[in-house]
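Okay, so here's the structure we're looking at.
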Amino acid sequence: MAYETLIVEIEDHIALIKLNRPDALNALNSTLLGELAKALKSADENDKVRCIILTGSEKAFAAGADIKEMAEKSFVDVFAEDMFGTDAEQMLRTRKPIIAAVSGYALGGGCELAMMCDFIIAADTAKFGQPEINLGVVAGMGGTQRLTRFVGKSKSMDMHLTGRFMTAEEAERCGLVSRVVPAKKLMDEAMAAATKIAEKSMLATLAVKEAVNRSYETTLREGLLFERRLFHSMFATEDQKEGMAAFLEKREPQFRDK
Ligand code: CAA
């Protein structure tokens, strides 16, 4: 399928979704968010795809929601269309893992989009920020909630109240990103991580994603029980038998997603 604001390639079980509005530093307009929702749903439903990478350009992952598109809207407009509701939430409905490969600016909605991915690999050029305060507004795609869970109250308040940008190094130090790599190696590192994920049992992969995400939604006690029951349920799969047998027989497992 051809998109106006995305480039989508599927290669070796990996769907690479590249945000593609270079003239606007990949600002998230309604077309892009709608197309992204469609591309994610289609990758999730495609049996060939086992992992998704979301990326932008060298200069910008995404510089936020599209300010030109938003500037003249009224409360009634944004409330009626539920701006940043349904389409953005497709990120959360996607069951396969999504890696954010971030180079350059990830600001406002761009930072929030990266945080909705399962983990973030950052180029050493990446800059993260929630500068909505400079526009006289507050974050609207989850920044105040997710950044606070990632980095704690003090740094989240600092970022949201001052609108300052964080370097990749600071982002790694405070747990916002999983690793920082030289900009030139960003896509190789993201592909290598996605390839590793694609080799696992898809059943275990989906279970891991559900269990880790549950930790954000529930108490520790309920989360531990959820994890334990999921672990028990894996013993109903052939992949558990294969994975453990392969270990004991000192060979590579051949997972069949069964
Ligand atoms: N929306 C629309 N257009 C944007 C944009 C955005 N968020 N960010 C950049 N652009 C456009 C610029 O208007 C410019 O277009 P023109 O050439 O037509 O004027 C083009 O992209 C290049 O941008 P700059 O000339 O500004 O590039 P720069 O290198 O000088 O600065 C930048 C880069 C620091 C990222 C700067 O563009 C910037 O501050 N952008 C806005 C960042 C921002 O405020 N993001 C939050 C948006 S609100 C939001 O996201 C709400 C939410 O929570 C969902």
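Order of listing sets the numbers, starting from 1, for every ligand and every atom in it. Computed over heavy atoms, backbone and side chain alike; hydrogens, waters and symmetry mates excluded.
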- Query: Under a 4.5 Å cut-off applied to non-hydrogen side-chain atoms, are L147 and M159 in contact?
  - Reply: yes

- Task: Determine whether more than 12 heavy atoms belonging to other residues, nucleotides or ligands lie under 6.0 Å from atom CD of E210.
- Result: yes

- With a 4.0 angstrom cut-off on heavy atoms, strictly below it, pick out the residues next to ligand 1 and order them by chain and number. D23, A24, L25, A27, K59, A63, G64, A65, D66, I67, K68, M70, F84, Y105, L107, G108, G109, E112, P131, E132, L135, A139, G140, M141

- Note: E170-R164 ion pair, threshold 4.0 Å (strictly below): yes

- Task: Classify the angle between the aromatic ring planes of Y105 and F165 as parallel (below 30°), tilted (30 to 60°) or perpendicular (above 60°).
- Result: perpendicular

Show the atom names and distances, to 0.1 Å, of all donor-acceptor pairs under 3.5 Å that link a side chain in residues 172-183 to residues at least two apart or in another chain.
residue : atom : partner : partner atom : Å
R173    : NE   : E169    : OE2          : 3.3
S178    : OG   : I120    : O            : 3.2

- Shortest non-hydrogen contact between C51 and I99, atoms and distance: SG-CD1, 4.0 Å

